[in-house]
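As structure tokens, the structure follows; a few thoughts come after it.
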Amino acid sequence: MKILGISGSPRKGQNCEKMIASALEIAKERGFETDTIFLSNKEISPCKVCGACIEKDSCVIDDGMDEVYEKMRAADGIIVASPVYMGNYPAQLKALFDRSVLLRRKNFALKNKVGAALSVGGSRNGGQEKTIQSIHDWMHIQGMIVVGDNAHFGGITWNPAEEDSIGMQTVSETAKKLCEVVELIRKNVK
Ligand SMILES: Cc1cc2nc3c(=O)[nH]c(=O)nc-3n(C[C@H](O)[C@H](O)[C@H](O)COP(=O)(O)O)c2cc1C
């Protein structure tokens, strides 16, 4: 069983990547394999709406999305961490989500994978809940099963996340819930 952690921040080693590391640590402790996609080391271009992926299995833009598609296909659970930019997730993450339309066109390749979201803002209430909701929208559009932190919507922190102990608790609870639901599904599908 594998959990993929996606960080939507263009900043290397900052809050989103730390939140993903912390979530994946929990997954590893429960025996999951883990993998990551960090947008701090990838430049994903926006979709050109050329329509080529309706027919083919690949995208005409050669920028590393093929690796993203492979990692998403291989995952049982996907956890996405995003900064809040102007009240929602940044353009870098939007580009990745839009380009993932290819997987939707391949017989809903992400269908029934479990998804969860984390968000960090520079303000305590800077739009983290809305950002999480927008990430959930993407997951629903892909036919995924969406989970929160077993109480509310997901992991919500305030920069610097590592000093926000209550926020980091919601990150841990979200990771646990994600693992729990993947485990439940696997147990019943066997
Ligand atoms: C262009 C831009 C817009 C931002 N807008 C918001 C915002 O609306 N609300 C908020 O709480 N923080 C906002 N921030 C602050 C970031 O969400 C915050 O610095 C966050 O920690 C960045 O995540 P990272 O540390 O993983 O890169 C904004 C930052 C930038 C660069």
Side-chain angles (χ1 to χ4, degrees), residues 2-29 32 34-47 63-65 67-68 71-72 75 77-100 113-142 144 146-179:
K2 190 181 265 189
I3 303 288
L4 172 65
I6 300 176
S7 163
S9 173
R11 298 204 303 160
K12 201 177 177 60
Q14 298 302 311
N15 297 275
C16 287
E17 293 185 8
K18 288 177 189 168
M19 287 157 67
I20 288 295
S22 155
L24 294 185
E25 207 41 55
I26 288 167
K28 279 182 206 155
E29 281 164 14
F32 282 80
T34 64
D35 204 350
T36 54
I37 295 165
F38 287 168
L39 295 187
S40 61
N41 59 27
K42 275 201 181 315
E43 294 259 338
I44 304 296
S45 303
C47 175
D63 62 358
M65 262 312 275
E67 190 195 1
V68 173
K71 289 188 179 199
M72 284 182 168
I78 299 177
I79 185 159
V80 178
S82 175
V84 185
Y85 280 7
M86 298 298 173
N88 218 307
Y89 56 66
Q92 288 88 342
L93 191 54
K94 181 75 168 105
L96 182 143
F97 286 166
D98 287 352
R99 296 276 300 286
S100 77
K113 294 183 190 288
V114 185
L118 314 171
S119 180
V120 58
S123 301
R124 162 51 75 202
N125 300 300
Q128 290 92 326
E129 283 195 3
K130 190 141 62 75
T131 300
I132 282 178
Q133 194 177 4
S134 298
I135 296 168
H136 287 174
D137 290 347
W138 168 72
M139 292 172 171
H140 283 302
I141 288 165
Q142 292 286 6
M144 294 171 66
V146 175
V147 300
D149 63 342
N150 218 28
H152 294 102
F153 314 108
I156 290 183
T157 63
W158 181 21
N159 182 2
E162 65 262 43
E163 289 176 21
D164 177 10
S165 57
I166 295 171
M168 285 308 291
Q169 189 61 34
T170 64
V171 171
S172 301
E173 294 304 326
T174 304
K176 285 184 207 160
K177 183 73 180 184
L178 175 68
C179 293

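For ligands, and for the atoms within them, numbers begin at 1 and follow the listed sequence.
Classified by interplanar angle (parallel below 30°, tilted 30° to 60°, perpendicular above 60°), the ring pair Tyr89/Phe97 is perpendicular.
Listed by first then second residue, pairs satisfying side-chain hydrogen bond (donor to acceptor under 3.5 Å, both in side chains) with a partner in residues 122-133 read Arg124-Asp164, not counting sequence neighbours.
Regarding atom 22 (C) of ligand 1, its nearest protein heavy-atom neighbour is Pro83 CB, 3.5 Å. The protein heavy-atom contact nearest to atom 12 (N) of ligand 1 is Gly122 N, 3.0 Å. Shortest contact from atom 16 (C) of ligand 1 to any protein heavy atom: Val84 O, 3.6 Å. Summary of contacts: the protein heavy atom closest to atom 31 (C) of ligand 1 is Tyr85 CE1, 3.7 Å.
To the nearest 0.5 Å, atom CE of residue Met19 and atom OG of residue Ser119 are 6.5 Å apart. Going from atom CG of Leu93 over to atom CG of Leu39 covers 6.0 Å, rounded to the nearest 0.5 Å. Between the CD1 atom in Ile132 and the CG atom in Leu118 there is a gap of 6.5 Å [rounded to 0.5 Å]. The CG atom of Asn150 sits 12.0 Å away from atom CG of Leu178, with the distance rounded to the nearest 0.5 Å. Once rounded to the nearest 0.5 Å, the distance linking CE of Met65 with SG of Cys47 reads 9.5 Å.
Only the side chain of Asn159 comes within contact range of ligand 1, with a heavy atom under 4.0 Å; no backbone atom does. Residue Ser9 touches ligand 1 through its side chain alone, judged by heavy-atom distances below 4.0 Å.
With sequence neighbours left out, Asn15 forms a side chain to side chain donor-acceptor pair (under 3.5 Å) with Asn159.
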* **Residues Lys177, Glu173; criterion salt bridge (charged side-chain N to carboxylate O under 4.0 Å, His left out); working and verdict** => CA-CA 6 Å; Lys177 183 73 180 184; Glu173 294 304 326; over 6 Å; no
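Residue Arg11 has at least one N or O atom closer than 3.5 Å to an N or O atom of ligand 1. Any N or O atom pair closer than 3.5 Å counts here, and Cys16 shares at least one such pair with ligand 1. Annotation: Glu17 places no N or O atom under 3.5 Å from an N or O atom of ligand 1; distance criterion only. Residue Gly126 places at least one N or O, backbone or side chain, under 3.5 Å from an N or O of ligand 1.
Residue contact check: Ser123 has heavy atoms under 4.0 Å from atoms 10 (C), 11 (O) of ligand 1. If you number the atoms of ligand 1 from 1 as listed, the ones under 4.0 Å from a heavy atom of Gly87 come out as 7 (C), 8 (O). Less than 4.0 angstrom separates some heavy atom of Met86 from each of these atoms of ligand 1: 3 (C), 4 (C), 5 (N), 6 (C), 7 (C), 8 (O).
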